[in-house]
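To keep things clear, I will list the structure first and then write my remarks on it.
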Amino acid sequence: MEKKIEIYQPTSDAGILMQAHVIKTPNDKIIVIDGGNEIYLDKPYLPSVIRAILGLNDGDYFEVEAWFLSHGHSDHYGEMSMMLRGYDENSNYKINNIYFDFPDFAQSKFHESDYDLNKLSTLKSALNTYAKVNKIDCGDSYYDYLNGKVVNAETVANGLSFTIDGVKLDILQTWSETDDQVNGNSMVIRVGAENGDSKTCLFLTDTSVVSGARLLKTYGEKLKSDIVQMAHHGQAGADKDVYDTIDAQIRLWPVPFWVWLNEETYKIGEVRSWVGVDAKNVTKNDLVSCLYERYPQDYASVEEWKKSIDCMKVVL
């Protein structure tokens with residue numbers, strides 16, 4: 001049987017606000033989009049997720065071929081930060097490529113409540129730790145070395161794509177100087193088979209109303225995709241006309257129950273109405289992270305994740 005592209009939306013319980021997506025290629029290479037929040041203080045959770053997806057055991061070595069960070073909010077980059085600041089010569093994993101394009105958050109146009117320079121500083125330090133262990137020649141700051149090095153407005157405008165083991169990732173949008181929201185500067189990524197012989201999945205990450213309009217103006221009907229990750233955890237993100245144009249049949253909702261159930265405060269009720277989703281009668285076309293059949297009893301246990309991970313998956 002021909003192996004397919006698998007996309008996982010892992011979370012360890014129904015109450016966590018974060019975004020993490022793990023893509024397994026046909027030949028078992030791993031791609032991560034964001035990775036989630038720094039939820040647990042003692043150890044990261046994502047290595048156990050990846051080992052479970054690959055059928056490995058606790059402590060087995062693995063590699064992440066490419067890791068994309070969409071924007072500068074810690075519920076998206078915190079897990080990477082935790083993994084890397086504890087990295088040393090004995091660590092049993094490696095990240096081969098890291099891609100992100102973050103603006104300067106200290107610029108006056110960003111509201112101070114919209115970013116956390118302390119957490120960003122922790123990420124920068126963690127990246128330096130990783131670079132030092134792996135003897136990467138990057139100058140004083142691996143963060144500055146990586147930031148926008150490959151993914152930036154110019155390369156995106158020229159049609160930036162990555163191909164990894166037959167999986168094509170098109171970077172459709174990154175940050176813009178016209179947007180004063182951190183969410184509005186989110187990276188947008190479309191994933192599908194290199195040969196076109198699969199469904200396509202559009203990751204909107206935390207795309208805002210403003211950046212959603214920018215995306216729609218740039219691409220129009222070319223945004224059509226089979227699967228869409230609902231922007232900003234399914235609430236107060238991209239507007240209805242964006243979803244109408246994407247016209248996806250399957251939706252990914254990285255959303256905790258306290259947002260899913262709070263229809264008015266978080267606008268999620270309105271967003272569900274746009275795509276015809278009944279909160280109390282969700283079908284198989286909607287993968288909702290707070291409504292999974294089961295979650296791991298121990299977030300750090302590979303065996304526990306193996307029992308849970310299949311209900312967090314869609315196949316292209």
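Taken together through direct or relayed side-chain contacts under 4.5 Å among Ile, Leu, Val, Met, Phe, Trp and Tyr, Val315 and Val288 form parts of separate hydrophobic clusters. Cluster annotation: Met83 and Val32 are assigned to the same hydrophobic cluster (Ile/Leu/Val/Met/Phe/Trp/Tyr, side-chain heavy-atom contacts under 4.5 Å, transitive). Under the 4.5 Å side-chain heavy-atom criterion for Ile, Leu, Val, Met, Phe, Trp and Tyr, Phe100 and Trp175 are members of distinct hydrophobic clusters. Under the 4.5 Å side-chain heavy-atom criterion for grouping Ile, Leu, Val, Met, Phe, Trp and Tyr, Val210 is not connected to Met187 through any hydrophobic cluster. Under the 4.5 Å side-chain heavy-atom criterion for ILVMFWY residues, no single connected hydrophobic cluster contains both Val182 and Val209.
Here the closest heavy-atom approach between residue Leu46 and residue Glu79 is recorded as N-OE2, 2.9 Å. The two residues Pro296 and Met312 make their nearest non-hydrogen contact at CD-CE, 4.3 Å. Across every non-hydrogen atom of Pro256 and Cys290, the tightest pair is C-CB, 3.6 Å. For the residue pair Leu204 and Tyr243, the shortest heavy atom distance occurs at CD1-CE2, 3.8 Å. Taking every heavy atom of both residues into account, Asp197 and Asn195 meet most closely at N-OD1, 2.8 Å. Taking all atoms of both residues into account, the shortest heavy-atom contact from Ile98 to Leu146 is O-CD2, 3.7 Å.
Relative to the ring axis of Tyr219, Lys217 does not place its NZ or CZ within 45° and under 6.0 Å from the centre. Remark: Arg272 qualifies as a cation-pi partner of Trp260 under the 6.0 Å distance and 45° angle criteria applied to the six-membered ring.
Looking at Asn158 and Thr155, their side chains never bring a donor and an acceptor atom within 3.5 Å of each other. Neither side chain, Asn97 nor Trp67, offers a donor N or O lying under 3.5 Å from an acceptor on the other. Side-chain N/O atoms of Glu63 and Tyr61 include a donor and acceptor closer than 3.5 Å.
Judged purely by atom type and a 3.5 angstrom limit, Glu304 uses its side chain to pair as donor or acceptor with the backbone of Gln297. Side-chain atoms of Ser81 do not come within 3.5 Å of backbone N or O of Tyr77 as any donor-acceptor pair. Remark: side-chain polar atoms of Thr11 are paired, donor with acceptor, to backbone N or O of Asp13 under 3.5 angstrom. Asp170 contributes no side-chain N or O that, together with a main-chain N or O of Leu172, makes up a donor-acceptor pair within less than 3.5 Å. Judged by distance alone, with hydrogens and angles left aside, the side-chain atoms of Asn147 form a donor-acceptor pair with the main-chain N or O of Phe102 at under 3.5 Å. Without hydrogens or angle criteria, Arg214 side chain to Thr178 main chain gives no donor-acceptor distance under 3.5 Å. Remark: side-chain polar atoms of Asn185 are paired, donor with acceptor, to backbone N or O of Ser176 under 3.5 angstrom. Distance alone, capped at 3.5 Å, places no donor-acceptor pair between the Asn183 side chain and the Ser208 backbone. In this structure, Gln9 contributes its side chain and Leu287 its backbone to a donor-acceptor pair below 3.5 Å. With hydrogens and angles disregarded, no donor-acceptor distance shorter than 3.5 Å links the side chain of Lys199 to the backbone of Ser225.
A heavy-atom distance below 4.5 Å is not found between the side chains of Asn96 and Val64. Side-chain contact between Tyr143 and Asn128 is absent, with no heavy atoms from C-beta onward closer than 4.5 Å. The closest side-chain heavy-atom distance from Trp305 to Val302 is not below 4.5 Å. Contact annotation: the side chain of Val22 never approaches that of Ile31 to less than 4.5 Å [non-hydrogen atoms, C-beta and beyond]. The shortest distance between side-chain heavy atoms of Lys4 and Ser198 does not fall below 4.5 Å. For the pair Tyr8/Ile53, a side-chain contact is recorded, criterion being any heavy-atom separation below 4.5 Å from C-beta on. Counting heavy atoms from C-beta on, the side chains of His76 and Asp206 come closer than 4.5 Å. Residues Leu56 and Phe62 meet the side-chain proximity criterion, which asks for heavy atoms closer than 4.5 Å.
Ring orientation note: the planes of Phe110 and Tyr115 are nearly perpendicular, at an angle over 60° on the 30°/60° scale.
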Take Tyr87 and Tyr130, measure what ring-ring contact (aromatic ring centres under 6.0 Å, His included) needs, and give me the verdict at the end.
CA-CA 6 Å; Tyr87 196 86; Tyr130 184 78; 4.7 Å; yes

Using side chain to side chain donor-acceptor pair (under 3.5 Å), reason through Thr265 and Asn262 one step at a time and then give a plain yes or no.
CA-CA 6 Å; Thr265 302; Asn262 198 330; 3.1 Å; yes

In sequence, state the C-alpha distance, the side-chain angles, and the governing distance for Phe203 and His21, and then conclude on ring-ring contact (aromatic ring centres under 6.0 Å, His included).
CA-CA 9 Å; Phe203 290 93; His21 288 94; 5.0 Å; yes

Walk me through it: do Asp286 and Arg251 pass the test salt bridge (Lys or Arg N to Asp or Glu O under 4.0 Å)?
CA-CA 5 Å; Asp286 290 274; Arg251 292 160 291 271; 2.6 Å; yes

Checking side chain to side chain donor-acceptor pair (under 3.5 Å) for the pair Asp165/Asn27: CA distance, chi angles, key distance, verdict?
CA-CA 7 Å; Asp165 186 29; Asn27 292 309; 2.7 Å; yes

Is there a ring-ring contact (aromatic ring centres under 6.0 Å, His included) between Phe162 and Tyr99? Walk through the geometry before answering.
CA-CA 11 Å; Phe162 296 82; Tyr99 303 107; 4.5 Å; yes

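No option in Asn152, Val150, Val156, Ile171 other than Asn152 meets the side chain to side chain contact (heavy atoms under 4.5 Å, CB included) test with Asp101. The one candidate from His71, His233, Gln229 that meets the side-chain hydrogen bond (donor to acceptor under 3.5 Å, both in side chains) condition with Gln19 is Gln229. For the side chain to side chain contact (heavy atoms under 4.5 Å, CB included) with Cys201, the qualifying choice from Leu252, Asp226, Val228, Ile5 is Leu252, the only one to do so.
Here the CD1 atom belonging to Ile189 is positioned 7.0 Å from the OG1 atom belonging to Thr205, to the nearest 0.5 angstrom. The distance from atom OG of Ser211 to atom CG of Asp239, rounded to the nearest 0.5 Å, is 11.0 Å. A distance of 11.5 Å separates CE of Met230 from OG1 of Thr207, quoted to the nearest 0.5 Å. In this structure, CG in Asp58 is found 8.5 Å from CD in Glu303, a value given to the nearest 0.5 Å. With rounding to the nearest 0.5 Å, the separation of OG in Ser273 from CD in Glu263 is 9.5 Å. Here NE2 of His232 is found 10.5 Å from CD1 of Ile268. Values are rounded to the nearest 0.5 Å.
Under a cut-off of 6.0 angstrom, the local environment of NZ in Lys124 is crowded, with over 12 non-hydrogen atoms contributed by other residues, nucleotides or ligands. Atom CG of Asp278 is surrounded by more than 12 heavy atoms from other residues, nucleotides or ligands within 6.0 Å. For Lys94, the NZ atom is loosely surrounded, since the number of other residues' heavy atoms within 6.0 Å does not exceed 12.
One finds a salt bridge joining Asp28 and Lys3 here, because a Lys/Arg side-chain nitrogen approaches an Asp/Glu carboxylate oxygen to under 4.0 Å. In summary, Asp60 and Arg51 do not engage in a salt bridge, as defined by a charged side-chain N under 4.0 Å from a carboxylate O. The pair Arg85-Glu38 meets the salt-bridge criterion, since a charged nitrogen lies less than 4.0 angstrom from a carboxylate oxygen.
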